[in-house]
Amino acid sequence: MKNLLAVWGLVCLAALVLGTGVASGQSTGSVVAWGYNGQGQCDVPPPNIDFVAVAGRHVHSLGLRSDGTIVTWGTNSSGQCDVPAPNADFVAVAAGRYHSLGLKSDGTIVAWGSDFHGVCDVPVPNAGFVAVAAGYYHSLGLKSDGTIVAWGRNDDGQCDVPAPNADFVAVAAGGYHGLGLKSDGTIVAWGYNGQGQCDVPAPNADFVAVAGGKHHSLGLKSDGTIVAWEYNSSGQCDVPLPNAGFVALAGGDLHSMGLKSDGPLVGWGRNDHGQCDVPAPNADFAAVAAGYCYSLGVGLTDPGTSLEATVDLQPSTLNCRSHGRFVTCYIELPEGYDPADIDVSTVVLNDELAALFHPTGVGDEDNDGIPDRMVKFDRAHVIELLPTGEHVEAVVSGELNDETPFAGADFIRVICTDGLTEATAGTSQPALRVSLGREGSSAIISYSAGVGGPVRLRVYDMRGRLIRTLVDGEAPRNNCDVVWNGRADGGHRVGAGVYFVRLEAGGEVRTQKIAVVR
């Protein structure tokens, strides 16, 4: 799919309007946004799924979903985020400074936001469009017949498409200039040229895509290289080496972005807000856009792959006889992910025990400079869930608000001690004691093997059928503790009723009755 992006302008634009929704074959994913976020332009609304395209120009963003709807976020001072009803059947989006554009599958353009200089007044006939672009205060639309229509502010000639206005296959807009790609691979540029942004470098040939920054321009060649020209105050025209393997590009105010064929994004130019620092993992992107000091990408995440989280469970040792209420868990996510985005309602321990909704919060418990999300689990339920004795691995998993899964593990130990050890100390007789857990659905079993040696500790039902083997092997002479969580050997929960715990040790047998309630 990504190799096709390089020739999108040449062969795919007309296909957009042949049916409803987004062109078939486009991959969907989640939007990643980074850089300046003073107006929330990087805060993608949940659910962050099923996006196929993004757009940004100033401090608002647009995302196009595979179902043909548009999602907006960021500043809405002029209504630029208020998509007109019906929000459906869109196939392309563009963002201006204070206005937005959406292309419908029927070839019409919808414009909303500030109508300064008539930037939202699509010329009639509003039909036959196959692509859109937005500058600061002007708009451009490409028709299926290869002509470009321009409207809005025109004090720098940004709406005066040079003759012959024909044979265009792609269109782009800078801050105050326009760019058109011809079917022969040449680029035509017009409008404000105070920084040379309309002077396409020679040889003007073999281009397959175009993009415009505020005062600079970019073109993608058929060999995967990017050409950027003129206004270069922040290095936005200095394409990093190796300049190869690019399939898409975007221009921000003073920075540029390129998408490589193998999925990573590359950013260069002004980076005072981190707009060129692509968050990890920088891989599997399918689309890219750039605005004022921020950037966006559509990332394709394998739904079967979880983020590797760092998990810290406290306390690391639990005593069945203590009276604590919670087990506290601190979750750190990989670089580029915000623990504030964790959906607490999805967090579980060992795929079974759900985290409590309260208390929870974001902080930095270990003071390592990496924020963490704090959640809590009910202590009694953790004790019931985990085996006793040695430290065991406990897995904490869940999802972010955009449904990205994560998982991490820590080791925790459950110990159960009472007066059995003192009562049996110095004797050679086996001993057995059973008590219910706090919820009545588990049992704390304390036993002593007496002389040591082989031990069998099993649970039977009233008919004498074996339900669960808890211990079968060597055991120390002194007191040991086991929690039976009310499950059979097959893992399913047993029904309510009376069960027997049977201890076999040193040639002796001890039996205790227990009632399980649900």
Side-chain angles (χ1 to χ4, degrees), residues 1 4-5 7-28 31 49-57 60-72 79-96 99-115 118-135 138-152 159 161 165-173 178-183 209-210 248 286-287 289 298:
M1 185 278 298
L4 292 179
L5 288 175
V7 294
W8 173 263
L10 297 178
V11 299
C12 293
L13 288 172
L16 281 171
V17 296
L18 296 181
T20 60
V22 177
S24 62
Q26 281 190 270
S27 297
T28 62
V31 174
I49 55 174
D50 296 329
F51 287 100
V52 295
V54 283
R57 171 61 68 182
H60 77 288
S61 304
L62 307 172
L64 174 63
R65 282 215 167 101
S66 61
D67 63 0
T69 61
I70 294 174
V71 180
T72 63
Q80 58 265 54
C81 291
D82 299 331
V83 186
N87 185 355
D89 300 322
F90 287 102
V91 294
V93 289
H99 74 290
S100 303
L101 301 169
L103 172 64
K104 292 269 190 173
S105 60
D106 63 0
T108 61
I109 292 175
V110 180
W112 62 96
S114 171
D115 196 27
V119 72
C120 293
D121 299 332
V122 186
V124 294
N126 185 356
F129 288 102
V130 294
V132 288
H138 71 290
S139 303
L140 303 171
L142 172 64
K143 294 260 188 176
S144 58
D145 63 2
T147 61
I148 292 175
V149 179
W151 63 98
C159 293
V161 184
N165 186 353
D167 299 323
F168 287 103
V169 294
V171 65
L179 298 157
L181 173 64
K182 293 268 190 175
S183 59
V210 288
V298 176

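Summarising the geometry, atom CZ belonging to Arg65 is positioned 6.0 Å from atom CD1 belonging to Ile49; distances are rounded to the nearest 0.5 Å. One finds the CG atom of Asp50 at 11.0 Å from the CG atom of Leu64 (value rounded to the nearest 0.5 Å). Interatomic distance, NE2 of His99 versus OG of Ser139, reported as 3.0 Å (0.5 Å rounding). Note: Thr69 OG1 to Phe51 CZ = 7.5 Å, rounded to the nearest 0.5 Å.
Minimum heavy-atom separation, Thr147 to Leu142: O-CD1, 3.4 Å. Across all their heavy atoms, Asn165 and Gly146 have their closest contact at OD1-O, 4.3 Å. Here the closest heavy-atom approach between residue Trp112 and residue Asp82 is recorded as CD1-O, 3.2 Å. Contact detail for Ala150 and Val161: the closest heavy-atom pair is CB-CG2, 4.3 Å. Considering all non-hydrogen atoms of both residues, Ala95 and Ala55 come closest at N-CB, 4.0 Å. Between Ala173 and Ala133 the shortest heavy-atom distance is N-CB, 3.9 Å.
With contacts defined as side-chain heavy-atom distances shorter than 4.5 Å, the pair Pro86/Lys104 qualifies. Proximity of Asn126 to Ile109: side-chain heavy atoms (C-beta onward) are separated by under 4.5 Å at one or more points. Here the side chains of Leu140 and Phe129 are not in contact, with every heavy-atom distance at 4.5 Å or above. With contacts defined as side-chain heavy-atom distances shorter than 4.5 Å, the pair Val71/Leu62 does not qualify. Under the 4.5 Å side-chain criterion, counting only non-hydrogen atoms from C-beta, Trp151 is not in contact with His138.
A donor and an acceptor atom, one from each side chain of His60 and Ser100, are located under 3.5 Å apart.
Asp89 places no side-chain N or O within 3.5 Å of a backbone atom of Ser105 that could act as its donor or acceptor partner.
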